[in-house]
Number of protein chains: 2
Amino acid sequence: MKNQTSQSIEDYLKAIYELSIKDGRVATTHLAKHLGISPASVTGMIKKLSQMEPPYLNYQKHQGVFLTEAGERIALETLRHHRLLEVFLHEILGFPWDEVHEEADKLEHVISEKFEERMAFVLGNPEHDPHGDPIPNKELNVPKATMICLSDLRPHQKAIIKRVRDKDPKLLRFLSDLGLIPNAEIEINDYSEFDGNIHLAVKNSSKNVVLGPRITDQIHVSILN
Amino acid sequence: MKNQTSQSIEDYLKAIYELSIKDGRVATTHLAKHLGISPASVTGMIKKLSQMEPPYLNYQKHQGVFLTEAGERIALETLRHHRLLEVFLHEILGFPWDEVHEEADKLEHVISEKFEERMAFVLGNPEHDPHGDPIPNKELNVPKATMICLSDLRPHQKAIIKRVRDKDPKLLRFLSDLGLIPNAEIEINDYSEFDGNIHLAVKNSSKNVVLGPRITDQIHVSILN
DNA sequence: GATAATATTTAGGTATGCCTAATTAAGAAA
DNA sequence: TTTCTTAATTAGGCATACCTAAATATTATC
């Protein structure tokens, strides 16, 4: 079996990479849900990907999958494309940050290495995309940052938003209307033990905001002393 | 049958548009050669495209095809994408003009209307791509220009290069090394009746060049008085 | 440890878009 | 007009990547 990629393969590998950060192995159903595809189809594809030469992933029946080195390389290349494109769309073409994800999802499979290289040059080799996610560098190393969830902050702590993980344009628009975007400074006012809601102040907009745990888990921050 | 597009369909319609400018109807084999596909495959596709609702093209067995209005619309939209992308790649990302075609050929099928619109805005609604080909405007009207082939010029005439039709990167690089790119000013020195070679001077580079008819037919110019 | 619920896989099928080989139609030349 | 050549079509296949329905593991619960 020949070793090549396709739009689909890149999507699978990227999804497995993202899901396996948390869990190690990725379950068929989990992957299926994430990709919006039936579990049966996923089984077919992961069998194929695990039988390529070299294989893109390790797979044992009923045990889920994880990436091989070759698979991770493709995933990181795709992720680099994706995140560079997000910055590019935002900075150069003026896309609002909640619209960059969808467009980058299509383009990431199509651009050439030259396009990637030119983009990185024009943008000055950015390390983070507009959502704060780290961009793998040319050697595919992912810059690590020490961040915690907004939900882990305690009252009166100040922090800077570094990353917003959600991809839903509606939520992203909601957050940016509140000023809750990467590099914004916030201060926790209160934390209600009861429902997990967090009350916080956004510095520049001087707005006071109440956020539920569904949202605060998605926002990553670094603490200000 | 539903009416949609795909990468392949857009390629077919664009090719038919380009070929039918000269000939009106486009023959199966002609199209097959242009697309690098077997004639049998082309027959299958054009049958499909002519039976859609609305049809993208008119087709009668053994008589070739021509575009319907719906087909032409898709072709022009794709062409607009393509040529805007060429300008964009050249001006914004710094691609050399001989490399823009290949990249645009892939991207043209993938970018959104928003991407197109943002590109046009950032570039200031250009009317020509780096090869001098006209870019259909938003309403898909193609700007017309009065140009003739370089091969039709007479000795001592001066002209400005408006368009270089060839897509071969090697030839394009050769021409730009000589300064023969859109907007360059040239003057015809001599024309050899015998072999069709044209001797000309390029203004800015003050080079003297001899070009054969294979090339001079591809270069379109407007005459300077 | 048996059973119920859930996860996963197998089997069989579909649409797209390409292929080769064989056939038929059209156009040119004798 | 008949024949030859070239163009176009049909027939039958293949790969990719998805689907549903049915069968089989696995895991959780009693």
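Every value quoted in this text rests on a predicted model; they were computed, and no experiment measured them.
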Side-chain N,O (Lys48(B)) to OP1/OP2 (dG17(C)) below 4.0 Å
yes
Does Lys138(A), at its NZ atom, have more than 12 non-hydrogen atoms belonging to other residues, nucleotides or ligands within less than 6.0 Å?
no
Gln7(A) CD to dG17(C) P: how many Å, rounded?
14 Å
Closer to the 5' end of DNA chain D via nearest nucleotide, is it Pro39(A) or Val42(B)?
Val42(B)
Out of dT16(C), dA17(D), dT20(D), minimum distance to the side chain of Gln4(B) belongs to dT16(C)
Whole Å only: how far is the CD1 atom of Ile46(A) from the P atom of dT10(C)?
10 Å
Using OP1 and OP2 only, check whether a side-chain N or O of Thr28(A) sits under 4.0 Å from dT9(C).
yes
Rounded to whole Å, CG of Asp11(B) lies from P of dT16(C) at a distance of 17 Å
Hey, is the side chain of Tyr12(B) poking within less than 4.0 Å of OP1 or OP2 on dT16(C), counting only N and O atoms?
no
Distance test, side-chain N/O of Lys61(B) to OP1/OP2 of dT10(D), below 4.0 Å
yes
Check the surroundings of atom CD in Glu102(B): do more than 12 heavy atoms from other residues, nucleotides or ligands lie under 6.0 Å from it?
no
Asp133(A)/Lys167(A) salt bridge by N-O under 4.0 Å criterion:
no
Side chains of His82(A) and Glu86(A), donor plus acceptor under 3.5 Å
yes
Phosphate OP1/OP2 of dA8(D) contacted by Thr43(B) side-chain N/O (<4.0 Å)
no
Is the phosphate of dT9(C) approached by Tyr59(A) (side-chain N or O, under 4.0 Å from OP1 or OP2)?
yes
Should the pair Lys114(A)-Glu99(B) be classified as a salt bridge under the 4.0 Å nitrogen-to-oxygen rule?
yes
Would you say Arg83(B)'s side chain and Pro134(B)'s backbone share a donor-acceptor pair under 3.5 angstrom?
yes
Rounding to an integer number of Å, can you tell me how far His30(A) NE2 sits from dT8(C) C1'?
16 Å
Figure out the CD/C1' separation between Gln51(B) and dT9(D), and round it to whole Å.
14 Å
For atom CE of Met45(B) and atom P of dC19(C), their distance in whole Å:
11 Å
Kindly say if Lys47(B) contacts the phosphate of dT10(D), meaning a side-chain N or O under 4.0 Å from OP1 or OP2.
yes
Between atom CG in Leu35(B) and atom P in dA8(D), what is the gap in whole Å?
14 Å
Have a look at Ser38(B) and say if it touches a base, only the backbone sugar-phosphate, or nothing, with a 4.0 Å heavy-atom cut-off.
base
From NE2 of His62(B) over to C1' of dT24(C), roughly how many Å is that when rounded to an integer?
7 Å
Under 4.0 Å between a side-chain N/O of Thr29(B) and OP1 or OP2 of dT6(D), yes or no?
no
For DNA chain D, whose closest nucleotide is more 5', that of Val26(B) or that of Ile9(A)?
Val26(B)
Considering just the side-chain nitrogens and oxygens of Ser41(B), establish if one lies under 4.0 Å of OP1 or OP2 belonging to dG17(C).
no
